Amino acid sequence: MIRKTILSLTAGFLSLAATSQNVMEVNTAKLGAPIQPTMYGIFFEDINFAADGGLYGEMVKNRSFEFPQHLMGWQAFGKYELKDDGPFERCPHYIVLNDPEHRERRTGLVNEGFFGIGVKKGESYRFSVWAKALKGKGAIRVQLINESSMGEHQQFVEQTLDITSADWKKYTLTLTPKITLKKAKLRIFLKGQNAVALEHISLFPVNTYKQRENGMRQDLAKALEDLHPGVFRFPGGCIVEGTTLDTRYQWKNTIGPVENRPLNKNRWEDTFDFRYYPDYYQSYGLGFYEFFQLSEDIGAEPLPVLSVGLACQFQNGPDAHAKMDELQPFIQDCLDLIEFANGPADSKWGKIRAEMGHPAPFNMKFIGVGNEQWDDLYYERLKPFVEAIRAKYPDIKIIGTSGPDSEGKMFDKGWQAMKAQKADLVDEHYYRPEHWFLGTPDAKEKEKWPNCGALRYDSYDRKGPKVFAGEYACHGKGKKWNHFETSLYEAAFMTGIERNADIVHMATYAPLFAHVDGWQWRPDMIWYDQTQMFKTVSYYVQQLYCTNAGTNVLTLNTADPNDAKGKKRVPVAGQEGMNGLFASAVYDKTTNEVIIKIANTSKQEQAITVNLKGMKNGGVAETLTLSHNGSMDDENSIAKPDLITPQQGTATIAADRKHAVLSDRLPAMSFRIYRVKK
């Protein structure tokens, strides 16, 4: 079991003695820079069916008939009609089921869900619908069906719902199947001859995360909680920008009654790998209130990102963006969001939060303005946002962006602009191959990538804005999936993030979620189908860092292999002489532990010696190790969710008159954490 109180690490470097190649030194007596509680976190974007069909518990696709083709996701039969004068202003469409008149025929609907509706034996599912009877009283038969069965055997659970009112009213019932099925469908028949109108047809597991009616899928939200993240960035990502400004994510459309949240086209709708999903939309059922609530539930600081008035710059020219004199509504969105999150319950936006069920403020501390934007189009628009937020909310930390690249002229220009505007943090993104993460670019790439690998942040300006590594993942060269090797290189790279905790205050792997039947981007941290999920090796790397973050960096060095006198010390960051080892160390004040992280990226087992300066007693260090028994291409999967997981063990600490000594042998291609009571 990974316990947050035990798994704390210090970011520092190891020290190398002249007599042994893999000797390191940790100074446990001198605390270095504090490690921010936000250091390791998560980033959510609705890509790969991460929201509808993923984290959000809703199981019905197009529940309010608001897709452009109003029956997308549905099969309607018999005598029916679609209307648009329903009870919800921003979701006006609904369906009327009429008596087919011919007794041998039926009127009804079938919903396909998101790649099927996944149900589990003995679990309860809450069906709800807004409905009215058009003449007297009406009724519907609500079923879960298995279309691979024949005739009456298709139906495996059914309930009758009486529609008793001529006015719109919400009705609910519970379905409890006796079988488990990944690809069930929801079927509704008109019962009797009296017509009924149906709107906002919904199906949720009763057992959502925290048992909330408009809640999250239990297993996926629990996986986030188990990470113990320090910060939660949402809702994106490129959906913040939108393909056009009209399709950008607008937080005000995502709050209030869920039945009246308008549909929005998903930015990622047309980018699937060899596939095209014309029905990929955002229901906004998972909105900003739910994001704030989830942040609170999992103990993470909320970090919302809002539009700066720029549509996606990759897809649009300068005329597609808001002009400078058109920015006020965008600026007001930022100010109103802060009031929604932090304002008193009697303020305009705080009142809406309170009415939704959270009278107390969410105590939001950070706001991002713009996502991956670059050049003067962004810098000139950001300036009035910064001025307005600083004037009204001086304690809110503002996060700007250095653009989509990890280096280069535009990246440097972005950093200069963020310094000039005094942004608190700068959001950096990098999806790069193995040799970037290892800091081993070839001769041609050294000029292109001058600042990569675990030494990346060593040379950063300590007086400027802090770093938010907001999106990163090791994209294998030609192997872009969640295999063990790239996860190991992420662990190695993160030793440099940890060691530079004085400048790096946040880091979030991306993307977070992916549906096995509906993805367009990988690697991703957590994968799932309709009933199951698995955590990738990258998930476990992130979890090991999150739960072992510590409170202060410790210096961890080794002798410089290029110093003939053996006096100069350098970080253990895969440089010549350390045999592919990367390391960092931290101290945790809450548990009085020294925590050491070491990644062995070589193909050979490595003997290591760690001199623990400031400690003399011997003993045993608890360890957690990620390694593989087969191919480096191995990965966890739905069929084998636990193929690669952290394994517990111990290592010996020998007493010494000068200092305690940790000795161990690291398996080839492995990542190990040591927890040492001081």
Side-chain angles (χ1 to χ4, degrees), residues 36-51 54-56 216 220-221 223-241 249 251 266-268 282 286-288 290-292 294-307 364-373 397 399-404 406 425-432 466-475 482 487 490 493-494 497 504-514 519-528 535-536 538-539 541-543 545-546 549:
Q36 300 300 314
T38 57
M39 182 60 147
Y40 304 112
I42 51 179
F43 159 55
F44 180 92
E45 178 161 20
D46 189 2
I47 187 173
N48 308 319
F49 285 87
L55 179 62
Y56 184 47
M216 306 300 110
L220 299 184
L224 301 185
E225 178 188 302
D226 290 344
L227 277 168
H228 298 283
V231 67
F232 182 20
R233 174 185 170 214
F234 58 85
C238 291
I239 65 169
V240 170
E241 307 159 38
Y249 193 101
W251 75 267
N266 193 297
R267 159 69 177 76
W268 297 105
Q282 296 170 296
L286 171 52
F288 261 48
E290 288 77 20
F291 280 128
F292 279 114
L294 182 59
S295 299
E296 188 174 76
D297 288 340
I298 63 179
E301 292 288 351
L303 197 174
V305 182
L306 270 61
S307 171
M364 168 182 142
K365 301 178 180 66
F366 305 92
I367 189 168
V369 184
N371 169 73
E372 275 191 5
Q373 264 83 43
K397 293 187 182 299
I399 300 174
T401 172
S402 58
S406 57
L425 294 99
V426 179
D427 185 4
E428 296 186 350
H429 296 179
Y430 30 87
Y431 300 101
R432 292 289 185 260
K466 304 305 180 184
V467 174
F468 172 30
E471 294 184 35
Y472 68 92
C474 183
H475 275 214
N482 289 98
S487 302
E490 290 161 1
F493 171 76
M494 290 174 72
I497 288 179
V504 183
H505 281 193
M506 299 179 184
T508 55
Y509 178 97
L512 181 57
F513 285 122
W519 58 270
Q520 70 262 61
W521 180 284
R522 63 179 183 179
D524 306 284
M525 194 191 295
I526 301 168
W527 289 76
Y528 47 88
K535 304 167 182 176
T536 65
S538 291
Y539 172 96
V541 167
Q542 296 298 319
Q543 186 183 51
Y545 272 90
C546 284

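Fair warning: this is a prediction, and the values are worked out from it, not measured in the lab. This chain uses plain numbering: 1 for the first residue, then up along the sequence.
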Identify the heavy atoms of Leu303 and Met506 that sit nearest to each other, and give their distance.
CD1-SD, 3.6 Å
Polar side-chain atom of Asn48 near backbone of Gln520 as donor-acceptor pair, under 3.5 Å:
yes
Any side-chain to backbone donor/acceptor pair from Asn371 onto Gly237? Under 3.5 Å, distance only.
yes
Worked verdict on Phe292 versus Phe234 for ring pair (Phe, Tyr, Trp, His ring centres under 6.0 Å)
CA-CA 9 Å; Phe292 279 114; Phe234 58 85; 5.5 Å; yes
Atom of Ala514, atom of Trp519 and distance for their closest heavy-atom approach:
CB-CB, 4.3 Å
Is there a donor-acceptor pair under 3.5 Å between the side chain of Asn482 and the backbone N or O of Asp524?
yes
Just by distance, do the side chain of Arg233 and the backbone of Thr508 share a donor-acceptor pair under 3.5 Å?
no
Judged by atom type as modelled, is there a donor-acceptor pair below 3.5 Å linking the side chain of Glu471 to the main-chain atoms of Ala510?
no
Quick check: closest heavy atoms across Phe291 and Pro235, and the distance to 0.1 Å?
CE1-CB, 4.0 Å
Verify, without hydrogens or angle tests, whether Gln543 (side chain) and Asp226 (backbone) share a donor-acceptor contact under 3.5 angstrom.
yes
Spell out, as yes or no, whether a donor-acceptor pair under 3.5 Å connects the side chain of Tyr539 to the backbone of Ala223.
yes
What heavy-atom pair brings Glu490 and Cys474 nearest, and what distance separates the two atoms?
OE2-N, 2.9 Å
Classify the angle between the aromatic ring planes of Tyr431 and Trp521 as parallel (below 30°), tilted (30 to 60°) or perpendicular (above 60°).
perpendicular
Classify the ring geometry of Tyr430 against Tyr472: parallel below 30°, tilted from 30° to 60°, perpendicular beyond 60°.
tilted
In terms of ring plane angle, is the pair Phe513 and Tyr528 parallel, tilted or perpendicular, where the classes change at 30° and 60°?
perpendicular
Polar side-chain atom of Ser295 near backbone of Glu301 as donor-acceptor pair, under 3.5 Å:
no
Say whether, by atom type as modelled, one donor and one acceptor occur between the side chain of Glu45 and the main chain of Ile239 under 3.5 angstrom.
yes
Glu241 side-chain N/O to Cys238 backbone N/O, donor-acceptor pair under 3.5 Å
no
